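So you know, we letter chains A, B, ... as the sequences are listed, proteins then strands, and number each from 1. These values consider heavy atoms only, across backbone and side chains, with no hydrogens, waters or symmetry-generated copies. This one's a predicted model, so the numbers in the text were calculated from it and none came from an experiment.
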Protein chains: 2
Amino acid sequence: MKIERDLKNLPHKTIERLSQYRRALLICHEQGQTHIYSHEIAKIQHITAVQVRRDLMLIGYSGTLRKGYNVKDLIDLIGEIIDSKRGINVAIIGIGNLGRALINYFVGKRSHLEIVASFDINPDKIGNIMSGVPCYSIDELADKIHELHIEVAIMTVPADFATQTADALVAAGIKGILNYTPKPVNVPETIYLEEYDMITSLEKVAFYVKIQDLN
Amino acid sequence: MKIERDLKNLPHKTIERLSQYRRALLICHEQGQTHIYSHEIAKIQHITAVQVRRDLMLIGYSGTLRKGYNVKDLIDLIGEIIDSKRGINVAIIGIGNLGRALINYFVGKRSHLEIVASFDINPDKIGNIMSGVPCYSIDELADKIHELHIEVAIMTVPADFATQTADALVAAGIKGILNYTPKPVNVPETIYLEEYDMITSLEKVAFYVKIQDLN
DNA sequence: ATAACAATGTGAAATAAATAACAATTTATT
DNA sequence: AATAAATTGTTATTTATTTCACATTGTTAT
């Protein structure tokens with residue numbers, strides 16, 4: 001009960017960084033590294049060592065002086081914080097290039113997050129299995145979401161289908177949506193929505209390149 | 001000279017939102033809408049009307065009372081702020097699913113950002129043209145970056161190639177990098193680097209879905 | 001032993017970003 | 001003409017996030 005309250009108070013940015021720390025730590029662990037200093041983690045993530053220490057403080061982890069943090073312990077603790085014990089099933093909506101990229105990229109990467117289904121409108125794709133992920137007709141969306149206990153959906157449909165796809169997901173009882181279409185969608189407040197648009201990122205890079213030249 | 005200083009002082013978040021406002025405004029403009037209120041823009045972007053007005057205040061745009069903002073004028077002004085007058089050439093490094101998704105998605109979308117080349121290591125892909133974008137060997141990276149005046153690169157190579165790709169881009173004189181590999185890369189401070197990792201976003205969604213259940 | 005060093009942990013301060021509050025003003029209505 | 005309503009523009013405030021400063025404490029070298 002204490003922990004639940006703490007989790008809710010973790011800054012959003014800290015959540016993001018914890019995920020990134022873990023990814024870096026997993027690589028260190030694979031390579032046999034047992035301990036790591038805050039400034040080493042910081043360097044990998046292009047942030048400051050203080051930032052790392054503060055994040056770890058927030059999740060109640062203590063390192064040892066002069067040896068730093070225990071890589072394995074920290075990986076496990078971050079898992080306890082950000083992972084769901086029961087695991088979470090994920091679906092990808094829209095099997096275009098981006099949908100395929102996500103499937104290839106995610107499958108097998110995180111044990112607590114499993115991509116259990118994909119959906120498309122194209123008959124040529126329906127029925128296929130890609131990296132172990134079956135593709136169903138979008139008509140089966142609601143049924144499969146219930147049947148397979150899918151809680152999170154990643155939207156990779158064309159922009160013109162974004163709204164109706166989001167509506168269908170909401171109606172089917174999805175709990176979280178990651179929207180990669182360039183069209184913002186509206187969902188009830190009870191559903192967690194994360195939107196990311198690649199054009200915005202590219203335009204941002206271009207902007208900072210541009211103003212550098214103005215020096 | 002006044003403007004140059006102002007541009008540098010615009011909050012990063014405002015830059016991102018300006019890009020998003022424009023995208024929404026372009027759709028409105030296509031549909032023949034001539035004016036728009038701050039609260040309408042806000043609703044599309046899931047933010048507050050005050051936030052919109054503040055962003056527009058920062059770029060020195062004034063709307064008209066009771067009619068709101070002129071869609072066309074605002075599109076043009078945002079372009080003056082975030083676009084480079086000369087246009088910026090972009091390359092995609094790595095023609096996997098994600099690279100292809102980006103090409104399909106970007107081509108023709110923004111006049112000031114042109115994808116002029118892609119690069120890959122696979123001989124089957126080299127020499128192909130996709131949506132008008134030629135694919136060159138990664139060996140030609142430096143040459144083509146100079147020849148085609150490429151200033152921004154989007155990295156969509158496998159994680160294991162991230163470091164060497166970034167190093168090659170830096171050596172070739174790139175000015176900005178958008179890194180979509182899951183591996184953070186190091187570049188000199190003079191180069192603008194934006195990194196985005198899809199696993200982090202998915203884990204974040206999963207986290208907030210998880211803690212909602214703890215209520 | 002003791003001093004010097006190098007790391008963590010954390011309260012305080014600074015910075016960045018979002019929100020609240022409200023004055024000003026145009027338009028529509030009576 | 002006066003009033004009401006709706007919208008912008010902007011200062012002040014609040015909230016969120018990062019950084020600073022430094023106390024603490026193992027470890028190593030002398």
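Judged by distance alone, the side chains of B:Y196 and B:S201 do bring a donor and an acceptor atom under 3.5 Å apart.
With rounding to whole Å, A:M57 atom CE is found 13 Å from D:dT18 atom P. In this entry the distance linking CD of B:Q51 with P of D:dT15 reads 16 Å, nearest Å. Taking atom NE2 on B:H39 and atom C1' on D:dA6, their separation rounds to 9 Å, with Å as the unit. Between A:Y37 atom OH and C:dG9 atom P there is a gap of 13 Å when expressed in whole angstrom units. Spacing between atom CD of A:E16 and atom C1' of D:dT18 amounts to 15 Å, rounded to whole angstrom units. The distance between atom CD1 of B:I15 and atom P of C:dA17, rounded to the nearest whole Å, is 11 Å.
Using a 4.0 Å cut-off between charged side-chain N and carboxylate O, A:R86 and A:E151 make a salt bridge. Using a cutoff of 4.0 Å between basic side-chain nitrogens and carboxylate oxygens, B:K43 and B:E40 are not scored as salt-bridged. Electrostatic pairing of B:R22 and B:D83 counts as a salt bridge here, judged by a charged N lying under 4.0 Å from a carboxylate O.
In this model, no side-chain donor or acceptor of B:R54 finds a partner on the base of D:dT10 within 3.5 Å.
Taking a pair to require two hydrogen-bonding distances under 3.5 Å in either a Watson-Crick or a G-U wobble arrangement, C:dA18 pairs with D:dT13. The base-pairing partner of D:dA29, taking Watson-Crick or G-U wobble contacts with both distances under 3.5 Å, is C:dT2. Using Watson-Crick or G-U wobble geometry with both donor-acceptor distances under 3.5 Å, C:dT30 finds its partner in D:dA1.
Within the structure, a side-chain polar atom (N or O) of B:R17 is placed less than 4.0 Å from OP1 or OP2 of C:dA18. Note on A:R53: a side-chain N or O is less than 4.0 Å away from OP1 or OP2 of C:dT8. Residue A:T64 has no polar side-chain atom (N or O) positioned under 4.0 Å from OP1 or OP2 of C:dA7. Between A:S62 and C:dG9, a side-chain N or O to OP1/OP2 separation shorter than 4.0 Å is present.
Along DNA chain D, the nucleotide nearest A:T14 and the nucleotide nearest A:K67 are compared for position; the residue whose nucleotide lies closer to the 5' end is A:T14. When the nearest nucleotides of DNA chain D are assigned to A:R66 and A:D55 by heavy-atom distance, the more 5′-ward of the two goes with A:D55.
Among all heavy-atom pairs drawn from A:T190 and B:Q212, the shortest one is O-OE1, 2.7 Å.
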